[in-house]
Structure formats: C-alpha cells, structure tokens
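Report on the following structure.
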Amino acid sequence: MKCNAFMNDMVRSELEDIVGVEHVSTRESDKITYGVDYFWISRMWADKGQRPPQADYILHPGTAQEISKILKVANYYKIPVHTWGGGSGSQGGALPMAGGIILDMKRMNKLIEFDEESRTITAETGMIFQQLEWLANEHGYSTMHIPSCLTCGTIGGALAHRGIGIMSTKYGKIDDMCINMEIVLPNGDIMNTLPVPKHAAGPDLNQIFIGSEGTLGIITKATFKLFEQPENRQFRGFMFPNMTAGLSAGRDIMQKLKPSILRLYDEAETISIIKKIIGVEKKGSFMNLALEGDKRIVDIEMEIVRDIVAKYDGEDMGFEYGEKWYENRITFFYPGNIMEIPQMFGTMDTVADFKNIEKIYWAMKNAIESNFPGVRFIAHCSHWYEWGTMIYDRFIMDNPPQDPEEAIRLHNQIWNTGVRAAMENGGVINDHHGIGLKLSRLMKEQYGPAMQVLEGLKKTLDPNGIMNPYKLGL
Amino acid sequence: MNIIVCIKLVPSVMNLTMDQEYVMQRDRVVQVINPADEAALEAALRLKGNGSVTVITMGKPSGDDELRSLLARGVDRAVLITDKAFAGADTYATARTLSVAVNSLGNNLEDFDLILCGRRAIDGETGQVPPELAILLKLPFVTNITKINFNQGKIVCSRRLEEGIEELELGTPAILSLCEYSYPLRLATILGLQKARRMQIITLSREMLGLKKEECGLKGSPTRVRRITGQPQGIRNVTIAKNIDEGIARLSELIAEVPL
Amino acid sequence: MMSQNSKKHTEACRFCWMCRHLCPVGLTTGREVNTPRAKALLLSMVDRGEKFDKDIAQAMYECVLCGSCTNDCVTGFDPTIFIREARTMAAVEDLLPKAVEEIITNISNTGNIYGVQKPKYTGTAAKAEVLLYIGEVAACKQPTLVTAIMSLLKKADIPFTVLEEEPASATFLGDLIGFVEEVRIQAKDCANAINTSGAKTVVVLDSYEATTMKQRYPEWNCTINADVVTATSFIAGLIEEGKLVPKKITGEVTYHDDSRLARDLDEHEPVRNIIKAMGLNLQEMFLNRRMAKCCGSELLKAYAPELAALTAEGRWEDVNRTTADTLVVVSPQVMNVMGAKVPSAKQIKDLYVLLDQAC
Amino acid sequence: MITSNDIWVIGDKQIKYDLALLSKAHSMAEVCAGKVFAVMLYETDPDYCIRAGADEVYLLQGLEKIADDAAIAHALASLLRENRPGTVLFQATVRGRAIAPAVAALLSTGLTADCIDLKMEESGLLLQKRPALGDSIIAEIVCDKLRPQMATVRPGVLEDPTFQEKRTGKVSIIPIEINALVTKTGFMPAQSSELLSEAKIIIAGGVGIGSREGFEYLREIALQIGGCVGASRAAVDAGYAPYTWQIGQTGIAVKPNLYIAVGISGAVHHLVGMNASDYIVAINRDAKAPILQYADYAIVGEWRHILEQWFLSYQERKVCI
C-alpha cells in the first residue's frame, strides 16, 4: 500500500502544467540514470548493482520563466530541487541526494547572441560547452575554455562549480571569462547580474553565483568573452632535476610571462611520461609548456622561457611531447585508458600560493602514502597563477574493499586525510572540481568564521533550504 | 540424425587491439565460439533432419549465455562440463573428459550418429582433440572437412589438404572436424531466443562424470608447459616514402632484388 | 541475455561521458536517458539484476543508430552494438513499444515499413548489367526522386534493370529487432534476387540500404555477386566520365551528409563533386562529413514522429546558420525527414532532381 | 622392454621436410645417445633418409591410397608398441596432425602440436617450443612422465637437411594391410598459383582493395612479377577474395622474401601470419594504420594509383632490358 495517497500525482500535474506533460518524467529509467553522475561513489554504488539515490520528478524546463514557476511550487511544497547539467561532475554535486526534483537544464540550449563587436557570445546554460565552442569556432573565435569535460558538461555546469580549462594559465578560469548572467533565484525571481563585471557599483554579483553549485539559484543564461584563435602555438618540454627546481622555474615564468599551458609533473608521474618520450627511465620533474599568440611575440617569449629554465638547470626536451599531448589531451578520458571501477581513485586538486605549495605537496603525499597502504599518489601542477599554482594530485587504489559501505568509509577517510593535510599547510581544498557532496563536510573547516557569509546568503536567498541540499556545506 | 557438436569458447581474435606501444591488450578480449566450431554447428543443424543436435563444451561456468544463444539457433540440448578440476587440461585430458561425457549422454539419452568438431581452436591451434576423441570412442574420423553430405546411410565429405581436395566416404557413427567458414553459422531467431530463455543448460561436473582427479585437468595431462617467453611483437623501423614517386622507385628496386 | 561482446561495450560506456555532445536525439530532448552512457548504464544495471522493462526497452528505441558516438570513440567502443542487442531483447521479452510493433507487422505483411503495396517501377531493360535498387522509402514516398535518377541513367545511355518484385533489404528490420536470423533471411532473399538478375553492378538509391548490403551482407554470408555502389558515387562517376554533362546553374546551397554516407561508407566527395559540376556554390555546415549531425531517419519518423521532428529541427538550425538558401539532399530518408520541417526562409531540393534539370 | 632414447620420425609425403626432420633428429639423438628411425608412409629412396641422419628405415607399403587416418594410426601404434622409442616426431601437415593425435591417444601419451623448435636434453627429455596466443608468446612444453614423447613439427621451420655421403643403415620393408573405414573417391589438386606458402613475393590485399575486381588486378600484377596474391581475413569475409588466399592466424602463415601489404590495416590476426617475412612494404592511404609499424617501408596514398604508376614503370623497364 502506498501511504502518500495521491499527493505525488497532485504535485506532478502542477509541474506538468508548467513545463508540459512530455517534459515531466517519473520513468524508472530516468530515475536510475539521474542517480549516477561522475562521482566515484555513485559509480561504485551502481557497479555493485545498488539502486542509486533517486529523484521523484525529472523536469526538462524550456525557459527561465518555467524554472521560476517550478521553484515557486517547490518552495510551497518544500520539495528539494537539484539542478543537473551534464552530470559529469566528479564531486557528486548534481546527485538528487534529498529526492524531489531533478531539473535537467539541457533543453535550454539556445544560442542567444553573437556580438562580434564586443567579441562576446551569449547562450542558455543547458548547452553543452562543446556546442558553444563550435559556435564560436564557426566565426573563427574560441571561448578558450577547453576542459577535459568540454564535450560532457554544460555551460551551467562549468559556471556552477567554477570550472577551468587547459588554457587557463593564459585565458583564465570560467569566472574570468564570464561577463554577465541571468539567474533564477530560489523564490522564483529572475535577476540579471550587471551588464559588465568590471564596475565600482558594489561587489561583482557574478562571483557570488559562480561556484554556488545550485545552492543559491539557477543560472539560465550567460555571456562569455571570445578570443581570437592564436596565430602561433609553440610547445616545449623541459626536464628539471627535481620538483623544487621545476616549481621555482614555473613561478619565475608566471611572474614574467603568460604561457597558455604550463604543466609540471612530480617525479612519480615524470618517470612514466619520460619513458614514453625517450624510451628510458630518467628521474626528475618534467615541464610541458605552450606559448601562443602573435608569432613574433611568441618567439621572443620562448627565448625568455629558455633563459629562465637554464637558471634552474632545466634541460630542453624539444616540442614533440607537447604536440602529441595536445593532440591526445582527451583520449586519456575514454574507457580503457582511464582509471576504472573497481579501482578506487580521486583527484584532490589543491590550490595554494607559491610559498606553501611544495610543503603541501609533500604533506599530502606523506599523509596518504603512510596512512593507506596500497594507495598510490601521483601529481602534477596544471593551472598556474602569478601568485601560486594548483596540485592535480591523484590517489589510486587497485584493490579497494568489496563491500560498498566499507569502500565509502575508506574513500572518505582518504579524502579527509589528504585534504586536511592541505588545509593545515595553507592550501585551499579545491581548485576547479568543486565541492559537491564529496567535500561538503569539510567546508566549515576550510572557511572558519567566514562560513557565516555563505550561510547568511543561503538563509536569505533560500530560506526553505530546497536548493541542492547537502552540497557545498550549505 | 542425432549429432553431438563439441565446441570451445575462445578469446575473440577480431577484438584484439594494441595499445599505444603496440602491445596486445588482452583485458578487453571477449569469449566467442571458436570459428571452426561454428561451422561444425551449422553443418549439424543442417544435417539433423528429425534428429537432434547436442552441444558440449568444457569451460568456465560463465559460458552459460553463449550456450543459450546456441539453443536459440536450433540446438536441442546444451551441455556445459565445468569443474575446477578440469583447469589446465591438455588435448589428451580434454579428449578423455569429452569422451566420458559423450558416453554418459549416449547411455542416458538417445544414441548419436555423428560427432562434429571444429578442426582447431584459434587459441591453442592444436586440432588434436577430434582425432584423440575418436580413438577414445573407437570411431573412425576425418579432419579438415569443408563439405559434408549424407547420402544413403553414408557420409560423403570433402577434405582440404595442402595439395588439394580429397573426396571421402565413410559410415556412421564417426567424428568429423570442420574447417572454419565452411558453414557460416546462422543467427538466433526471436522465437528461438524466447524458447532458449526457458531451456535448461545441463551442467556436468567431474564427480557426475565419475572421473578421478588425476584423470583430468592439469593432473591428467601428459604434457606440461614448462616456461612461457614473450616474443617481440614484430615492430619494425618503418621508413615512409617522402612521396609516391620515391615509393614507386623503391618498390621497383625491392622487387628486382628478390631472387626468382 | 546479452552477448559477452555487448557486455564488454556496456561496461565500458556506462561511466563514460565523452560522446554525449554528438547524440542528435539527446541534443534536442536534453534528456539524460538519450545519451549512450545512460543506455549502457541501464543495461549494465539489468545485467546486475534490475528488471528489463518496457520503460528501458523504450529508451533503447530513442536512438537513430547514426553512429556519431561510435565515430567519436577513440578507444573503439560502439554503443550501437548493445542498443541493437537490447532491441532484440525487447522483441524476445515482448516489450516492444507499440509503434515499433506496428511497423514490424507492416514489414511482415507487405515487406515495407509503411504497410502499403510498394509501387512498381520498370527499368529500360529486362537483364542489364546495371541494376537499380530503389528501396522502399524512395519507392513509396519519393517518386520524383526515382523518376529523376531513372531519367539521368537514360540520359547517360546506361541500360538498367529494376527488379519486378524488389525484396526488402533487411535494413529496417535489422534496426528494429537487431541482427537475428529473421533479418538475415530477409537479406539472403534480397541477395538471391539480385544475384538471379545477373547484374554486374547494383546501384543502390538509399545509402542506408547500400550500407547494409556492403557491410552487413558479407558478415551474414549473404553474398551479392555484383559490385554494390551508392547511387551518389555512380552518378558522380557518370559525370566524371563525361556521360552526363550538367549545365551550370547559379545558387548557394548547403549539403547534409547522411549518417551512412558520412560515417559508415566514408563517402563524402561524390556528392560535392556533383554539386560543383553544376556550378553551385556550396556553403558547408560547420559539422560536415564524418562529423555531420544526424537529422533523424525514416524509421525513427515511422515509430516516433515527434522525435524525428526534433532531430530534423536540430539539423535545420545548423543549416540556418549558413548563408545558403537551399539544402541539397541525396537520401530519400533525409528528404522525408528534413522535408517535413523546412523553415520558411529555406528550401530543400533533391540533388538528382536538380541534376536532371541541369542535364 | 624398456623405453629407449631412440627418435622415430614419421615421414609423410614431402621428402624435403622429412629429410630436414631426420637431420634434426640425428643431431638430437647424439645428445641423448639414441638412434634415429625413419618410418616412411610413402615410397621413397631410403638412401636419402640414411644420408640425412636415419640409422634405420622402415618403408611401410600399401598406405599410398589409404585415407583412413585412424587405421594408419593403429598400424603405427603397434609398431611403436613393439619398439618403444623415447620420441616420435611427425610433420605438422594436415595428415600428420590427424594421424599423430590418434597415435598419441592409442599410446595414452602426450603430443605437442605444431612445434617451431625442438631441443633434446641429455636425459632424453624433449623440449618442445611452440607459439601460442597469436604468436605473441612461445611456450616450452615437455612430456615428462610418459613415453613416447610426441610432437608435430611445422614444415619449413627447420634448417635444410645435411647429408653425410658415407652413412649406412638398415632398411626394412613392412607391408601393411588395412581395413579402411574411410574410402577415397576423388581428388582435386590445388592450383599452383595459390601456393602461398612457397611464394618469394606476396602481394596481399585488405578491405581497402574494395572489390573483387581489385583483387583480380592484384593477381595480374602478382603473376607478372612471379609472385602470389594473398588476402586479409577482412577482405575474405567481405567476399573480395577466396578463403584459400587468406593469410593470418586462421589462414596460412607465410614468410616470403618480400611482402607487399596493400590496403591492409594490420589487424593482429593478419600480422601473426606475415610478420616473419624478410621485408615488408605497406601501401595504405591511412598514415596511421597499424600495419605501418610492422613494415620496413611504407607508401602512403591510394593503392590503385600507386600500383598503376609502378606497373607502368615496370613495363617500361622490361622493354629497355
């Protein structure tokens, strides 16, 4: 006997009235599908044949107005709302942990404006980012947001967790690229951030919603910068005697120039890369760098890079590796190439200033390798800033526990240990994957008293707490 | 006619791929029915008339789905001989286990007229099981067959040898081994798949066959692998012609160099 | 009951997000279930004990089998393998969507998906070296296309035969219920009919059917003794040999590569050569050749017209972003699917009709 | 009678390979202090066998027309039971690979198929090497508890026979009577142009050839230059070429002086059938096709254009000469 009587159907018809019958689903196939995103735990759970966390209603809205009405209904009944883009997030940010509504944004995928004069492009946020990039390419431009999930995630997804692309070192993160946004607030009001981000009319509201992971509102439209395709792109590989030298050289380069790509690998990762390039094992720390733009400038910049590298005993390894890496940059993510269940793995992705970064690297490596036998730790620095860099540090365990609940516990312990080691040494727990469900519990530790600012925003904007519960520590 | 077909599940060669270093990747290989066994099975399905076709395979219990797909193609009965004790069997131990299984089926159920096998499996490539099985069952045999007909109580078949095709005749019961592709195997029908869902796969273990441990598997095998060594995969240092004209000139040189 | 091969592909695809941006259905519905990973996930869950029900079966039919995902996969996985096999499962378990069942009934009654008497066409000779295989879509729905290509063959002095009773090619049945013996038997009958004609070359009008004959028939041991060629490459060849000399016409057109020519047969240039020969200015869509976005198919239109309308609109959006006012197509299926959704500022023309007017 | 360390070689039809096997047996017999016996199933000059290394020759009479391999096996088995040699070697021909397992089963002993190398230990234990899993590994196999130890040996893998002019040996003629259950009613010899295994030049085509007509063209060229034409499995499956042309794991393994792979992508099962060739040329329009890695020389482009151009130059040269 069902004890919820006919309330389910009453809500369902109300929602159907907003978006149309064909855009509301309670199909089992949908419920299973939306319960598994790219988060390791959700995948492991499905691998064990366990039913995933399920939503009650899956909605495919077509306009911001429809979303506005949906949020009003959700507030009235106090139904949780989980916004879903591509579902390719690795932090479990889109999972319908509290049941209720999944709001799949992908039907809102229209190009709204291409402004060649201002060199911007505006689109609905349900568009898969690759589509936006292709639209830019059609006119000879690029958004220069080229993450590994380019083909998987949506515009909204990239904004919601403050994503980053492989060219970020020159062109910036998504928050540097976004000009303005349209947002549906939890109470159903549709607001716009100011037309341009650089102003002195108070704080930049874009930066409150970028990275809010669907907890403060739903981004429905966004405008981005467009860049000219570079006339010239030059790759160069360098081998440093150790990670310390590599980091110093990287810092020096960043404080003088703007490479588009700068990747520095730790000794564990270097060994396998170098073996692929020259066929023999060689110890050290490998750097892959790209400079791009007007050829005359790039030539000069490359000379400067060489001078800097020489200062830190770096050895020139030629351009072949870089070009090959660029060509195959996403092939790593296809099945058969990437780490797969039943392995347990995670990318800790810590960001810090140059003063602390190396200390953090060693602290995390030691904490994980000494506490968890059978766990490997490899890392590289792939996104650089003038003041610091991030560590893309991965742990891999080939034989995790068979029992799914035990596996979850171990997974969370490894994360706690690694991330706490980072925080204790002045690092920030995440650079560009987001918080989601995975790191939610650690947000208060990270923020301290500053957390009340986020909590205050949450309380004011979403008093019923319906927006993506359990995520982002809110 | 009542026919027994012995089949083996083998790693699919078509699915073998190489990684970037040109090393064969084995983890993605799936098990398929050995191509020559497919031919034997199709020949059996065509010859059976009012009789029956029984498929026997020795292997891992995971072969269940593959056997079911054979039931869906018109096989009447599928027998899976599976037991940890059978692991590591060489051809002689395999033939011995199969012969005991065949005898047990013959006693319990209707007798058989013909046993068909593939001429060899693409993994081991020995082709020794059919003759060994024939001797153990005291039956005449012919290997490497490309065509079989049944004519007035006689089997008429073509056998491929290095120097040509032999036409042969023999009586039943007998064991015949067929060449791959001689009879392309039909697909499953929808009706067959529906029927197959409800059919039982007969599973036989060592004990059920009354075999002693030392008669089967690694223990019952006269031959033993002492060592396995890798072999270079044959990568060569290729020179690519700068243009087609250069390529053509080099090709002419190469052909002229071959002593004929 | 899924084959090991199918399982290998579902296990690989279930947690892979890389090709979803290419799915013509997913791009327009925005539904997560319309991605290759979702279909693989569902089937992998079925393999782990989840019930294969009407709902999951339905999901397997929300796919055009266009092969964009397969084409994208750098590690060689192919979602169409398990989608097709899941359709077989749906047929076996009596879980076919009603609309699909109706089409299967049509095929068993009349040999074509429409359930109508297929119109008859006659060639210029009873036993010519060239056999024109018209196919059910063109025969039933695109008579002008058939007339145009026949007229072109006559103008080029190519005697040709059309089978009096043209058997089905098994293309549609194979897409509906997967590659089962019933489908192979249909293919075998078709191959036999073609072989009996004694033709040396079979010119196949519908690229879907050409693909089946060229790529599936050999797998199923249904050998066609003649060379199977697509109508597009055959006609392009006639122009190249000077047997057809088109007059120049002016205009700006764009061309949609259908899935089979684009990805399975890898045939991209013949049509472009024909367009150039007529002096038309070809404006390429950004996604062309192997990357062309599928516009739907006649089969999808037959069992899920609303979905086919969406996929067609999706492709028209790409057309709309070009400066061309005319979309040129060569496939009777594309003509039917795209032709049903022409935006007001654009028009759609069949290449053979255009060429026939120019010759 | 105790098993000896003698080696018996069963000769079956191809004298060249039989003599090579006898020479190999001779050098192995020296290691384990055994004798070499040649058992010839066909009429031949026993003197050759002795000069190649046999100490004794048995000429079995009356088997020429017998097609019943089981019956032949019975005859051989009784001979072996009487003499109890330590080792029995067969050719890995179709017939050898049918008779040998039957003999092994009759003697309840082990048999290793298709060996590419043999090594005798002093104790008389035979190390049998054979490739497996697509020739990617070599397995060393022994039959350590039972005798005789038996193997079939791949024709053509051994060194040519060495003849010692002054060797002598005993020759016995043994008439065999057989009640054959299998009778031969006809025979159709294979065409010589299809003798791929013997060819010095092979032009092999893949699906890239695209049609049967394309393969006819390849064959024409092959005939002109005194070579043979082969095909990949994919091309055979596509119906472009007959099965007898198939080179690879499920077809024929070849090792010509020059192998020209045209329009072949280089699937593993093809590679294992041809990568023993002395020199490999790949002609392919795809510069990334795996076959290129396995070739010594590669020409990237449309095969038809390349071969036609080459053929023109070839004919011109012929005229000049």
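So that the names make sense, note that chain A is the first sequence line, chain B the second, and so on, each numbered from 1. Atoms considered below: every heavy atom in the structure, side chains included; atoms not considered: hydrogens, waters and symmetry mates.
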Query raised in the report: Could D:Glu140 and B:Arg226 be called an ion pair, given the rule that one side-chain N must be under 4.0 Å from one carboxylate O?
Result: no
Requested in this report: For the residue pair D:Pro101 and B:Thr91, establish whether any side-chain heavy-atom pair is separated by less than 4.5 Å.
Outcome: no
Query - Side chain to side chain, D:Lys184 and B:Glu169, heavy atoms closer than 4.5 Å - result: no
Query raised in the report: Can you check whether B:Ser252 reaches D:Tyr314 side chain to side chain, under 4.5 Å on heavy atoms?
Result: no
Query raised in the report: Is it the side chain or the backbone of D:Leu146 that comes within 4.5 Å of chain B heavy atoms, both, or neither?
Result: side chain
Query - Under 3.5 Å: donor-acceptor pair, side chain of B:Arg227, backbone of D:Ala139 - result: no
Query - Side-chain donor or acceptor of D:Thr185 paired with backbone N/O of B:Glu167 under 3.5 Å - result: yes
**Report entry** D:Val142 portion near chain B, given a 4.5 angstrom heavy-atom threshold
**Finding:** both
**Report entry** chain B contacts, top residue of D:Ile299, D:Ile306, D:Thr183 (heavy-atom pairs, under 4.5 Å)
**Finding:** D:Thr183
Report summary line: So CG of B:Asn144 and CZ of D:Arg97: to nearest 0.5 Å the spacing works out to 9.0 Å
Requested in this report: Using a cut-off of under 4.5 Å on heavy-atom pairs, state which of D:Thr112, D:Ile283, D:Asp144 scores highest against chain B.
Outcome: D:Asp144
Requested in this report: Enter the distance from D:Tyr294:OH to B:Arg236:CZ here, rounded to the nearest 0.5 Å.
Outcome: 11.0 Å
Query raised in the report: Is the backbone N or O of D:Leu111 less than 3.5 Å from a side-chain atom of B:Gln128, with the two atoms forming a donor-acceptor pair by type?
Result: yes
Query - Minimal non-hydrogen separation, B:Leu168 against D:Ala67, with atom names - result: CD2-CB, 3.4 Å
Report summary line: For D:Ile225 and B:Ile255 the tightest heavy-atom approach is CD1-CD1, 4.1 Å
Query raised in the report: Looking at side-chain heavy atoms only, is the closest gap between D:Arg95 and B:Arg159 below 4.5 Å?
Result: yes
**Report entry** Non-hydrogen side-chain atoms of D:Asp69 and B:Val142 separated by less than 4.5 Å
**Finding:** no
Query raised in the report: When heavy-atom pairs shorter than 4.5 Å are enumerated against chain B, which of D:Ile260, D:Val300, D:Ile280, D:Leu307 gives the highest number?
Result: D:Ile280
Report summary line: On a heavy-atom basis, the closest approach of D:Val182 and B:Pro140 is CG2-CB, 4.4 Å
Query - Smallest separation among heavy atoms of D:Tyr297 and B:Gly247, with atom names - result: OH-CA, 3.7 Å
Query raised in the report: Could you give the distance from OH (D:Tyr279) to CG (B:Leu254), rounded to the nearest 0.5 Å?
Result: 5.0 Å
Query raised in the report: Which residue out of D:Asp296, D:Asn257, D:Val281 racks up the most heavy-atom pairs below 4.5 Å with chain B?
Result: D:Asp296
Report summary line: So CD of D:Gln293 and CG of B:Asn237: to nearest 0.5 Å the spacing works out to 9.5 Å
Query raised in the report: Say you draw a straight line from CG of B:Leu251 to CG of D:Leu258; how long is it, rounded to the nearest 0.5 Å?
Result: 7.0 Å
Report summary line: Nearest heavy-atom approach of D:Ala98 to B:Phe141 is O-CZ, 3.5 Å
Query raised in the report: Do D:Asp114 and B:Thr126 come within less than 4.5 Å of each other through their side chains, counting heavy atoms only?
Result: no
Query - Which of D:Ala180, D:Gly110, D:Ala105, D:Ala73 touches chain B most, by non-hydrogen pairs under 4.5 Å - result: D:Ala105
Query raised in the report: Does some side-chain heavy atom of B:Arg224 sit less than 4.5 Å from a side-chain heavy atom of D:Ile141?
Result: no
Report summary line: Note: vs chain D, highest number of non-hydrogen pairs under 4.5 angstrom among B:Lys154, B:Glu246, B:Glu166 is B:Glu166
Query raised in the report: Taking side chain as C-beta onward, heavy atoms only, is B:Leu170 less than 4.5 Å from D:Leu181?
Result: no
Report summary line: Under 4.5 Å to a heavy atom of chain B? For D:Leu127 that would be side chain
Requested in this report: Go through D:Ser108 and B:Tyr92 one step at a time and tell me if the side chain to side chain donor-acceptor pair (under 3.5 Å) criterion holds.
Outcome: CA-CA 8 Å; D:Ser108 303; B:Tyr92 184 68; 3.3 Å; yes
Query raised in the report: Measuring from B:Thr223:OG1 to D:Arg130:CZ, what's the distance to the nearest 0.5 Å?
Result: 9.5 Å
